[in-house]
Amino acid sequence: MTRLLTREELAVDPVDAAHLLLGCSIEAHGVRARIVEVEAYRGADDPASHSYRGRTARNEVMWGPAGRLYVYFIYGMHFCANVVSMTDGEAGAVLLRAAEIVDGVELAAQRRPAARKPSDLARGPARLCTALGITREHNGVDVTEPSSPIRLWAAPEPCRKVNSGPRVGVAAAHDTPWRFWVDSPAVSPYRRGGKRSKER
DNA sequence: ACCCCGATCTCCT
DNA sequence: GGAGATCGGGGTT
């Protein structure tokens with residue numbers, strides 16, 4: 001489908017990379033999904049980012065060249081995947097929050113028995129990873145490489161209408177609208193982060 | 001040793 | 001649509 005995204009295209013500010021990624025599709029382990037919701041994360045200037053406090057073993061790939069996958073473990077049972085952006089040496093990544101399965105629906109459904117309808121298969125960052133078979137072992141995988149097990153296909157056309165709002169579940173930087181999505185039933189529900197999440 | 005952080009599932013209303 | 005349960009890792013002290 002179309003062509004693979006290039007490292008050069010992704011080596012930009014995460015907010016720009018986030019817009020670029022909407023409408024693209026991610027292909028992994030027999031499933032292809034159209035990305036409909038993402039979040040941008042930066043480095044030292046972004047208190048919500050894993051790399052806010054500097055380079056560590058965990059966030060190492062966020063600092064490397066663009067086009068690699070940054071996969072992290074969460075809640076003792078889930079994984080979330082980001083596409084690394086920015087130039088080598090600077091931290092930046094785009095969290096893949098939700099996607100529509102466009103190929104391999106049956107496989108995705110097997111991996112996600114709890115999903116009750118197709119739009120729920122990759123509706124949420126950890127669900128997306130589960131549906132596509134992405135785990136810790138794929139941390140650092142280059143998604144711009146044709147031989148890679150996980151690849152990113154360019155959007156057939158730019159998305160017309162892009163919505164934005166605060167990032168989901170993050171306690172910090174609540175007023176930074178770096179969550180971007182297109183209209184789709186697969187977009188995940190919004191949750192405010194932090195202690196104040198119950199105050200509204 | 002400790003504290004903070006967060007996605008999903010299953011009920012329930 | 002909301003409530004409550006579930007768990008391991010990262011970073012700092």
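The chains referred to below are lettered A, B, ... by the order of the sequence lines, with proteins before strands, and numbering in each begins at 1.
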Check: A/Tyr190 OH to B/dG6 P: how many Å, rounded?
Finding: 11 Å
Notebook entry, point to check: When you measure from the side chain of A/Arg112, which nucleotide among B/dC9, B/dT8, C/dC7 comes out closest?
Noted result: B/dC9
Margin query: To the nearest 0.5 Å, what is the distance between CG on A/Asp88 and CZ on A/Arg7?
Written below: 9.5 Å
Margin query: In this structure, how many angstroms lie between the P atom of C/dG10 and the CZ atom of A/Phe79, rounded?
Written below: 11 Å
Notebook entry, point to check: Distance from A/Leu95 atom CG to A/Leu128 atom CG, nearest 0.5 Å?
Noted result: 9.0 Å
Check: Taking CZ from A/Arg58 and C1' from C/dG8, how many angstroms apart are they, rounded to a whole number?
Finding: 11 Å
Check: Below 4.0 angstrom from OP1 or OP2 of B/dA7, is there any side-chain N or O of A/Arg191?
Finding: yes
Check: Does a side chain donor of either A/Trp153 or A/Glu27 reach within less than 3.5 Å of an acceptor in the other side chain?
Finding: yes
Margin query: Regarding A/Pro125, tell me which of base, sugar-phosphate or nothing describes its non-hydrogen contacts under 4.0 Å with the strands shown.
Written below: sugar-phosphate
Check: Between B/dT8 atom P and A/Arg116 atom CZ, what is the distance in whole Å?
Finding: 15 Å
Check: What residue among A/Arg127, A/Arg167, A/Arg179 forms salt bridge (Lys or Arg N to Asp or Glu O under 4.0 Å) with A/Glu37?
Finding: A/Arg179
Check: Can a side chain N or O of A/Thr56 be found less than 4.0 Å away from OP1 or OP2 on C/dG11?
Finding: yes
Next item on the list: Kindly point out which of C/dG9, B/dT10, B/dA7 is positioned nearest to the side chain of A/Ile74?
Entry: B/dA7
Notebook entry, point to check: Rounded to whole angstrom units, what separation is found between the CG atom of A/Asp120 and the P atom of B/dC9?
Noted result: 9 Å
Item checked: Pairing annotation in dot-bracket form, given for DNA chain B with Watson-Crick or G-U pairs under 3.5 Å and | for cross-strand partners -> ||||||||||||.
Note to self: If you assign each of A/Met77 and A/Arg136 to its closest nucleotide in DNA chain C, which residue comes earlier from the 5' end?
What the structure shows: A/Met77
Note to self: With a cut-off of less than 4.0 Å, is there a side-chain N or O of A/Arg123 near OP1 or OP2 of B/dA7?
What the structure shows: no
Item checked: Of the listed nucleotides C/dG11, B/dG6, B/dA7, the one nearest the side chain of A/Cys80 -> B/dA7
Check: For the side chain of A/His78, counting heavy atoms from C-beta on, which of C/dG9, C/dG10, B/dT8 is nearest?
Finding: B/dT8
Notebook entry, point to check: If you draw the axis of the six-membered ring of A/Phe79, does the NZ or CZ of A/Arg136 fall within 45° of it and under 6.0 Å from the ring centre?
Noted result: no
Notebook entry, point to check: Taking the six-membered ring for Trp, are the ring centroids of A/Tyr72 and A/His50 within less than 6.0 Å of each other?
Noted result: yes
Check: Of the nucleotides C/dG11, B/dG6, B/dA7, which one has an atom closest to the side chain of A/Arg53?
Finding: C/dG11
Check: Which is true for A/Tyr75 with a 4.0 Å heavy-atom rule: it touches a base, it touches only sugar-phosphate, or it touches nothing?
Finding: base
Notebook entry, point to check: Counting distance only, does the side-chain N/O of A/Asp103 pair as donor-acceptor with the main-chain N or O of A/Val31 below 3.5 Å?
Noted result: no
